Amino acid sequence: MSAPHTRSGSGDRSPAVRDLVGIGFGPANLALAIAVAEHNARRPADEAVLAAFVERQEGFCWHPGMLLDGATMQVSFLKDLVTLRNPASPYSFLQYLQEHGRLPDFINQKTFFPTRVEFHDYFRWCAEDFAAHVSYGTEATRVTAARDLPGTDPDSWDVLAVHHRPAGDGPDTADTADTADARDRDTAAAAPLYAHNLVLGTGLLPRLPEGVTPGEHVWHTGELLHRTRALTGLTHRRFVVVGAGQSAAEAAEHLHRTFPEAEVCAVFARYGYSPADDSPFANRIFDPAAVDDFYAAPDDVKDRLLGYHANTNYSVVDGDLITQLYRTVYQEKVSGTERLRILNTSEVAHVREEAGGVRATVRSLIDGTACELPCDAVVYATGYAAADPRGLLGDLVGECLTDGRGRLRIGRDHRVATTPRLRAGIYLQGAGTEHTHGLTSSLLSTLAVRSGEICDSLLLSGAERAVRTDRDRPATAAAGAAPLPSGIRS
């Protein structure tokens with residue numbers, strides 16, 4: 001089965017209509033692109049799925065600000081972009097190692113967990129094959145129904161138009177209606193991308209505590225490497241790191257190692273870092289089968305499961321890193337030079353940027369006493385929030401169904417439930433589906449399987465659409481569109 005696409009004859013004035021347009025090209029939509037390419041490799045050329053992607057960044061990049069030296073993945077390399085869906089795929093991490101001449105060397109390490117730098121390079125190696133199908137440096141601004149597209153049924157809403165512009169130009173997508181005309185002017189020069197299906201993989205947004213504004217000396221950990229590399233000198237020789245999770249612990253270790261003349265104060269409300277539960281039984285929550293169980297469970301059971309297993313992912317730290325930090329603190333006490341300070345059961349009550357740095361007020365949660373720490377930077381490791389896809393959908397939001405808590409209703413195939421009028425497919429990848437699909441939604445664990453599920457759903461919806469079209473129309477490729485590459489690495 002293959003998703004049919006718009007076919008252009010001599011009298012057809014329609015722009016190319018792809019089977020899907022993906023917004024965002026991080027690991028999630030990269031895994032989908034691979035799944036589609038592998039489907040295309042098994043089908044005749046005239047049955048290939050046509051796809052395009054829009055990515056705000058100038059090239060493929062995955063959390064570049066946290067590609068710290070020596071930091072390892074918290075997920076097995078076997079949970080790469082393809083293996084759980086297709087172990088024979090030429091896009092596996094093992095194939096990447098083989099092509100780079102490092103397979104025996106990696107095996108000799110006797111580990112399932114490569115460094116984050118190496119896994120990022122694996123992602124980029126996969127992404128190279130799809131560069132021609134990704135509009136990098138481009139921001140999707142809004143999605144509309146292509147009701148007036150020649151050759152389409154205005155009542156079916158089978159085609160969506162993705163409007164876009166160069167990233168960073170014009171008003172922000174979150175602007176008010178007063179900027180609508182300006183946004184239209186900015187996007188007028190860029191022809192919309194038309195598709196029967198939209199796949200949103202826009203990732204996560206850095207989250208800061210209420211009232212905290214990022215600045216020259218106030219950072220989120222997502223900026224850590226960029227900011228530290230730009231430092232030309234330290235005024236106060238002190239950093240404050242806020243948070244008790246993996247990113248916070250890694251940031252504290254990195255700053256302590258990179259700036260040997262500086263003090264690093266780790267501030268968090270807990271008594272100490274809590275270890276991540278990565279035991280075999282607990283890790284079953286990340287299995288593909290667990291997604292089926294979670295999806296079928298009543299809402300109260302979903303909430304309980306998220307609570308029970310939050311310590312597998314949220315506000316927890318790898319046990320080896322905890323041990324390393326504790327030994328550092330102890331050894332510095334022995335030597336009499338304490339540069340790594342653990343300010344537990346405390347909070348940063350206030351930050352104030354000033355010339356050459358920032359002043360942080362740290363308050364004890366036990367007795368309320370406070371102290372002021374002049375710092376070169378306050379680094380917030382306070383996590384990420386799921387981007388709300390409804391900001392892009394505009395008027396189409398009214399066609400999307402929600403549950404009793406106002407959250408989007410999402411099918412097991414990751415497709416947003418809509419009214420019958422909107423037959424075009426809208427799919428979500430990422431943390432926006434945690435309430436329906438569980439803890440793996442924002443993680444790498446089930447990317448391979450999820451990409452196959454979305455690809456299968458696209459094919460099924462394409463077959464259903466074909467029933468409503470003229471089956472005798474000449475089968476020629478859509479103008480201006482090309483199938484994703486197939487068999488390149490085979």
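Residue numbers count from 1 along this sequence. Model, not experiment: these values are computed from the prediction.
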**OP:** Classify the side-chain pair Gln95/Glu99 by whether it contains a donor and acceptor separated by less than 3.5 Å.
**Re:** no
**OP:** Give me the ring orientation class for His120 and Phe60: parallel if the planes are under 30° apart, tilted from 30 to 60°, perpendicular past 60°.
**Re:** tilted
**OP:** Run the numbers on Leu224 and Val379 for side-chain contact (heavy atoms from CB on, under 4.5 Å), then give the verdict.
**Re:** CA-CA 8 Å; Leu224 184 62; Val379 183; 4.3 Å; yes
Subject >> Trp219 side chain reached by His226 side chain, heavy atoms, under 4.5 Å >> reply: no
Subject >> Aromatic ring proximity His437/Tyr295, centre distance under 6.0 Å >> reply: yes
Subject >> Heavy-atom donor-acceptor pair, Asn29 side chain to Gly22 backbone, under 3.5 Å >> reply: no
Subject >> Side chain Thr436, main chain Ile410, donor-acceptor under 3.5 Å >> reply: no
Original post:
Closest approach of Ala33 and Leu484, non-hydrogen atoms and distance?
Top reply: O-CD1, 3.4 Å
Subject >> Worked check of side-chain contact (heavy atoms from CB on, under 4.5 Å) between Asp413 and Glu453 >> reply: CA-CA 6 Å; Asp413 61 353; Glu453 292 169 346; 5.7 Å; no
Original post:
Okay, side chain of Thr83, backbone of Asp80: is any donor-acceptor separation there less than 3.5 Å?
Top reply: no
Original post:
What are the two closest non-hydrogen atoms of Val317 and Ala244, and how far apart are they?
Top reply: CG2-O, 3.4 Å
Subject >> Heavy-atom donor-acceptor pair, Ser89 side chain to Asn86 backbone, under 3.5 Å >> reply: no
**OP:** Could you walk me through whether Leu20 and Val36 pass the side-chain contact (heavy atoms from CB on, under 4.5 Å) test, one step at a time?
**Re:** CA-CA 10 Å; Leu20 75 94; Val36 169; 4.1 Å; yes
**OP:** Indicate yes or no: does Arg43 engage Glu38 in a salt bridge with an N to O separation below 4.0 Å.
**Re:** no
**OP:** Report the C-alpha distance between Arg405 and Asp403 in whole Å, list the side-chain angles of each, state the deciding distance to 0.1 Å, and finish with yes or no for salt bridge (Lys or Arg N to Asp or Glu O under 4.0 Å).
**Re:** CA-CA 5 Å; Arg405 304 186 195 179; Asp403 63 13; 5.8 Å; no
**OP:** Work out which heavy atom in Ser247 is nearest to a heavy atom in Thr221; give both atom names and the distance.
**Re:** CB-OG1, 4.1 Å
Subject >> Polar side-chain atom of His414 near backbone of Ile454 as donor-acceptor pair, under 3.5 Å >> reply: no
Original post:
Can you list the steps and then say if His196 with Val159 is a side-chain contact (heavy atoms from CB on, under 4.5 Å)?
Top reply: CA-CA 5 Å; His196 293 297; Val159 178; 3.8 Å; yes
Subject >> Nearest non-hydrogen partners of Ser445 and Leu84, listed with the distance >> reply: O-CD1, 3.6 Å
Original post:
Which class fits the ring pair Phe119 and Tyr122: parallel under 30°, tilted 30 to 60°, perpendicular over 60°?
Top reply: tilted
Original post:
Would the Phe113 and Phe77 ring centres measure less than 6.0 Å apart?
Top reply: no
Subject >> Test item: Asp121 and Tyr96 side chains (from C-beta on) under 4.5 Å apart, heavy atoms >> reply: yes
Subject >> Short side-chain to backbone donor-acceptor contact, Arg85 and Arg450, under 3.5 Å >> reply: no
Subject >> Minimum side-chain heavy-atom gap Thr402-Arg390 below 4.5 Å >> reply: yes
**OP:** May I ask you to say whether Arg227 pairs ionically with Glu216, meaning some side-chain N is under 4.0 Å from a carboxylate O?
**Re:** no
Original post:
Does any N or O in the side chain of Glu55 come within less than 3.5 Å of the main-chain N or O of Phe25, such that one atom is a donor and the other an acceptor?
Top reply: yes
Original post:
Is there a side-chain contact between His435 and Asp299, using heavy atoms and a 4.5 Å cut-off?
Top reply: no
Original post:
Are Phe106 and Phe93 close enough that their ring centers fall under 6.0 Å?
Top reply: yes
Original post:
Would Lys302 count as a cation-pi partner of Phe294, with NZ or CZ less than 6.0 Å from the six-membered ring centre and within 45° of the ring normal?
Top reply: yes
Subject >> Beyond-backbone contact of Arg18 with Leu193, side-chain heavy atoms, under 4.5 angstrom >> reply: yes
Original post:
Do the side chain of His220 and the main chain of Gly383 share a donor and acceptor less than 3.5 angstrom apart?
Top reply: yes
Original post:
How far apart are the closest heavy atoms of Cys455 and Leu32, and which atoms are they?
Top reply: N-CD1, 4.1 Å
Subject >> Residue of the set His254, Met66, His63 for which side chain to side chain contact (heavy atoms under 4.5 Å, CB included) holds with Leu225 >> reply: His254
Subject >> Side chain Asn40, main chain Val49, donor-acceptor under 3.5 Å >> reply: yes
**OP:** Indicate yes or no: at least one non-hydrogen side-chain atom of Tyr194 is less than 4.5 angstrom from one of Val162.
**Re:** no
Original post:
Is atom CZ of Arg407 surrounded by more than 12 heavy atoms (other residues, nucleotides or ligands) closer than 6.0 Å?
Top reply: yes
**OP:** Look only at the side chain of His309 and the backbone of Asn283, and say whether a donor-acceptor pair between them is shorter than 3.5 Å.
**Re:** no
Original post:
Does any non-hydrogen side-chain atom of Tyr427 lie less than 4.5 Å from one of Leu200?
Top reply: no
Subject >> Atom of Leu408, atom of Cys400 and distance for their closest heavy-atom approach >> reply: CD2-CB, 3.8 Å
